[in-house]
Amino acid sequence: MRDRAEARRAVRAGRVGPAALAKVGLAIATLSWPGAAQAVDVEVDSDLSFQVYEVRTPSAATFLARRRFVGNLGLRLVEPLSEPDATGRRVRLVVAGRLRIDQGFSDDCLVDGSLCVHATDREARTEYQPLAADTRVDVPSLAAEITGLPLDGSVRLGRQLRVDTVGFTRFDGLALAARPLRELGVEVYGGSMVRGTSLAGSSPFDLQGNRYVPSSTPPDPRIDPARDAWIVGGTVRASAGPLFAASLDARYAWDSRGELLRRAGLALSSSPVDALRLDAQGTLDLLDLELIAAMASAELRLDPITIRASVDHQVPRFDPSTIWAWFDAAPVDQVRLGASGRVSPDLEIGGALRGRRVDRGDDQDLDAGLELHAQTRIEGAQISASGFAWSGALGPVAGASLEASRALLANVSIEGQLSVWHFDDPLRDQSYGTVISTILGGRWAITEQASVLLELQHAFSRVSGHRFRGMLVLSVSTWR
Amino acid sequence: MRVHATTALAAWLVIAVATALGLASGAEVHGQLRQEPPLSLPGDGRSVLVYPAQTIALRMSHAHPAHAALACTRCHERAATSTRADELLLPREAACVPCHAETDRAQPSVERCAYCHVGARLPSAEASAPDAIGRIFIPASRTPSPRLRFSHATHATAEGGCEGCHAGTRTVGLATRAQLPTMRDCMRCHAIEGLAAPGQGTSPEAGSSLACTGCHESLPDGRVRANLPEGWMNPPPWMAGMRHDHEWLVRHRWIAADAGPLCAQCHVERECADCHDGRARSRRVHPGDFLTTHAVMARRDETRCTSCHAVGTFCSECHARLGLATFSAPVTRGGERYHPPSAVWIRGPNLHGVEARRSLQSCVSCHDEGDCVACHGTSGVGGGGVSPHPPGFADSCGALLGSSPAACIRCHGDAETLRTRCR
C-alpha cells in the first residue's frame, strides 16, 4: 500500500505542472464564456452503448471476456453576435464540448475458463497489465469558436481536431483562420498535443509507436512516463476556381526529448473540364527529407459511369523518439483502376482492379486484387453487396458481404448482414480458414430525437469457433 | 461471455429466420422512421431533397404559340415580387380566364374542368352529373416547397430574364422540376470559393459570392442543414470530387485533407471523431468477425488501421491482455509460440526481418522496444548488434541525432560517440 501511495504522489507531482494547470484554466474559461450562458440555440446529443463479446486468438492461453459501457455526451451552444449581412454571413460564437466515459467490466480468463484475472489490479503483480484500464474518461473536444469575423476570419480556442495532408492531430490550443482574398486563405494553430497521458486525453491521434499508460494510471517501469508535447502548424490555401486549387500545410511538434515531427504537405487539384478532376498530394518528412505519403488520382465522369484511377505511396512513420522510427520500413505502393455507375435509377454497381507493391530492397511483394460492389432498392428494402479477392505475396484472401435493411413497422427497421471471408496467413499455420458471420439488428425510432439500436452477431471459423457479440445503443439528439 | 454453443445457435437460428421474414415482407410504412433517399434522382439531375417530387395535375403547354408569346409574369403574376422560395407561384385560375372562356364555374361539367385539370371526374362512379352543389372532383396538385432560400424579386432583373434560370421553359408542355435551376446555374453568378470556374460568380449585379447557406437552409451554427428527415443531402457529383458514393470511405481522407473548410460547411469535428476516435466499431469499416481476420488485414493495409488506432496503445493493450505481447502479465502468457520456429523466423531465411520491413506496425502492436534492442542494439548479437537502419543511414543520421537523440541513445548508449560517426 505504501508503494501505491508513493506512486500516486509521484503521479500527482509529475502531472500538475504549468501545462496541466493551463489546460484546466482553458477548460474553465471556455465553459464560463459569457456568451454561452445566453446562447439562443443549444444542441444536446448523447449515446450510450453496451457491448458484450469476447476476444480469442488461437495461440493465446487466455481470452478476453469483454463487457463495455460507453457513453458520449455532447453539448453545442450557438450565440449569434451580429445580424446577417447581405450574403447571410454573421458573427457567431459556438461553444462545443464532448465528454466520453468508457467503462470496462472485462476479465482475462484462461481458455478453459477455470480462472479469470483482473488486468487492472496493480497489486496483483503477476496479472496486472499496465496498458489496461477499467475506466477511461476523456474529452474528445471542448472549444469555443467565433466565426464570421472580418476577412472571413475565425478564432478557435480549446481542444480541437485538425486534419490536413500531414494527417490528424488533436491539440489544446488556439487556431486562427482568415481568407483575406477570395483566392487565398490562411490558417495557423498551436498548442499542447493531446496524448493518452493528457488531462482527459486519448491517444488515437498521437504519433505511432508510443506506449503510454492512461493518465489515471500510476507509472509502470515497462511503459514510458508521461511527457507533454507541443505542436504548431499552418496552412495556406490558394484557388482559382475548379481549374486550380492548392494547399500547403506545415506542422512541427516537439517534447522535452527533442523533435517529434517536422513535416510539410502539398495538395493540388484541378478540374480543367467539367467531366475530369485531377488530384495530387504529397507529404514530406523534413527530418530525413523522405516522401512519406503521395497520391495522384484522376476521376472521369461520363454519366452515368464514373471512372477513377489512382496511385499512392505510403511509408510507415513512427514517433522519432522511439527506435521504430529509424528502422528500414518498406514503402507501400498501390495502384487502383475502378469504375462505378448507375445502370438504373435504383441500381448502382462498380468494381476496381488493385495492385500492391512493397519494395523491400533486395526483393519485393506483389499482390493483385479485385473488388466489386452493388447497391439497390427492391420493394422498399435497401440491399448492398460487395466482394473482394486478393492474391500474391501476402497470401490469398477473399470476402463477400450481403447487407439488407428495411422498414418493418412505422418506427422500426430491421437489418441483416451475411459475410464470408476466406484467408490464409502464410506465416502462421493456425491462421487459415473461412469465417462465416451473420449480423442481425433492429432500430427503433422512439421519437424523432431518440432511437435504440440492437445488434447481434454470430460468427464461426475454424480459428475461433463460435463467437457471439451483442450491442445495444441508445442515441438521443436534439436542438433547442 | 460463456454461452452454451448449441443453445446459443438455436436461439440464433430463430432470430435469423424472423429477421429474414421481416426483410422479405416488411410493410410499406410512412412513419417517423428515417429512410435512405432513392439512389438516383428522377432523371432530371435535381435532388429530391432540395426540390421534392411534384405532382402538377394540370394540362398546359408553355410551348403553345399563344403561351410562348406571353411574358412570364402575365400568368405568374407574383413571380416578380416574391421574396421566399416557399411561395406558390403557379398561376391562379383568374390568370387563365381572360383567354379561356370555357372556364365557367357557373356551368360546371367534367369536360370543361378536364380541359385544364387532369383527372377531373364526378364525385362517384355512379353519378352522371355534378352533385347538387355542382361539385366535380378536381385532383390536387402537390408542389412541396423547395429547401432553399430564394427571392424572385431580387433576381427579377437578372441577366437572361426568367429563362436565364428556368431554361427551356418555352419549349416544354408542363414545366416541371426539370425547368428549375440547378446549383451550377446559380453559380454562374454566385460563386463559392474554389468551386466556380474562372469568370463565374463575377456578375456585378450579383455582388459578392455566397456561402452555401446563402441558398441552402442552415443550422443555428451556420452549417448547411444537410441531415434531413429523408436522409443526408450529399454533394453533387461535380463538386470537388466529393461525391459520397461507395468509394467515399477510402477517398474521403484525401478530400478532407485538401478541402477541410468545404467539408465543414456540412460537418462538425465531432463527426470525424465519432469514427476515427470512436469506441463502438462501424460495421462498414470492420466487417463481420473482424477479430478473427484483423491480423490479415492489418498486414495488408496498415495505414488504414492507423487512421483510427494508435498501435502502441490500442493494439498493444488487447494483445498484452491475451498474453501475446512480451510485456504481458506472466499469468496470461501461454507456452505456445505465435511466430514460426526460430530456425526460419530469426535464423536461416530470417523471416522476422522480412516481416518487420513489410509490416513494422504489426511488430509494434506486441513488442517492446527492448525486444529489438536486445539483438539490434550495439551490445546485441555479435557484440555489435545488427543494424536495422536503411542503407546509407550513416550519411544522414547527424541531423536526426541532433533533433531527436532519445531513440539513438536507446540502442547505441552514448550519443557523443555517435556524433563522430553520423554525418
Side-chain angles (χ1 to χ4, degrees), chain A residues 41 49 54 59-62 70 78 87-88 94 108 119 126-127 129 131 140 161 164-165 203-204 206 209-211 222 239 241 257-259 267 277 314 320-321 323 327-330 342 345-346 360 373 404 406-408 410-411 414 416 419 421 423 435 437 440 445 458-459 461 463-464 466, chain B residues 1 5 12 15 19 22-23 26 29 31-33 36 39-40 194 196-198 210 213-214 220-221 241 246 256-258 269 273 277 279-280 287-289 292-293 296 303 310-313 317 320-323 327 329-332 334 336 338 357-358 360 364 369 388 390 403-404 406-407 410:
Chain A
D41 287 291
S49 69
E54 63 183 47
S59 61
T62 58
V70 181
V78 181
T87 65
V94 180
D108 301 344
T126 61
E127 301 158 8
Q129 302 278 9
L131 292 176
L161 187 65
D164 54 30
T165 54
S203 60
D206 200 346
N210 292 316
R211 188 163 288 138
R222 290 171 281 182
S239 72
R257 291 189 297 187
E259 289 183 88
R277 180 178 168 87
Q314 298 282 340
S321 64
I323 64 168
F327 277 39
D328 184 15
R342 288 178 176 147
D346 276 340
R360 292 189 279 105
H373 73 267
R406 73 162 299 157
L408 184 66
N411 295 336
I414 55 172
S419 66
W421 275 50
F423 63 97
V435 182
S437 165
L440 305 172
H458 167 255
S461 68
V463 175
S464 306
H466 291 283
Chain B
M1 187 176 58
W12 187 254
I15 297 170
T19 306
L23 282 171
V29 290
Q32 299 172 28
L33 193 71
E36 291 297 314
L39 289 176
S40 72
L210 286 178
T213 51
D221 59 1
H246 183 85
D258 181 25
E269 181 183 304
D277 185 16
R279 293 288 198 267
D289 199 24
T292 302
T293 55
V296 177
T303 52
V311 178
T313 47
E317 188 234 330
R321 296 179 73 167
L322 286 167
F327 56 92
V331 78
T332 62
E336 285 188 58
Y338 182 72
R357 194 168 294 166
R358 175 189 279 157
L360 188 56
V364 179
E369 286 177 285
S403 64
S404 192
R410 191 161 302 202

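Just so we're on the same page: letters track the sequence lines, and every chain starts at 1. Computation of the quantities below employed the complete heavy-atom set of this structure, encompassing side-chain atoms and omitting hydrogens, waters and symmetry-equivalent molecules.
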Can you name the nearest heavy-atom pair linking [X] to [Y], along with the distance?
X      : Y      : answer
A/T165 : B/A257 : N-CB, 3.7 Å
A/R277 : B/D258 : NH2-OD2, 4.2 Å
B/F327 : A/Q129 : O-OE1, 4.2 Å
B/P220 : A/V78  : O-CG1, 3.2 Å
B/D277 : A/P140 : OD2-CB, 4.5 Å

Side chain to side chain, B/D289 and A/W421, heavy atoms closer than 4.5 Å: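 Counting from C-beta outward, B/D289 and A/W421 never come under 4.5 Å.
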Structural part of [X] lying under 4.5 Å from a heavy atom of chain B:
X      : result
A/S464 : side chain
A/T62  : both
A/E127 : both

Top contributor to chain B interface from A/P320, A/S419, A/A119, A/A329 [non-hydrogen pairs under 4.5 Å]: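 Option with the top pair count is A/P320.
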Largest heavy-atom contact set with chain B, pairs under 4.5 Å, which of A/A267, A/G258, A/A61, A/S321: A/S321
Winner by heavy-atom pair count (cut-off under 4.5 Å) against chain A, out of B/G323, B/A256, B/G241: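 Among B/G323, B/A256, B/G241, the one with the most close pairs to chain A is B/G241.
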Top contributor to chain A contacts, counting heavy-atom pairs under 4.5 Å, from B/R358, B/E369, B/E317, B/R321: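 Most heavy-atom pairs under 4.5 Å with chain A: B/R321.
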Spacing of OG1 belonging to B/T313 relative to CG belonging to A/N210, to within rounding of 0.5 Å: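 So the OG1 of B/T313 and the CG of A/N210 are separated by 8.0 Å.
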Check against side-chain contact (heavy atoms from CB on, under 4.5 Å), B/T292 and A/F423: CA-CA 10 Å; B/T292 302; A/F423 63 97; 3.9 Å; yes
Engaged part of B/V296 at the chain A interface, taking heavy atoms whose separation is under 4.5 Å: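 Contact with chain A is through the side chain of B/V296 alone.
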Structural part of B/R410 lying under 4.5 Å from a heavy atom of chain A: side chain
Check: B/R357 side chain, A/A330 main-chain N or O, donor-acceptor pair, under 3.5 Å: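 No, because the side chain of B/R357 does not come within donor-acceptor range (under 3.5 Å) of the backbone of A/A330.
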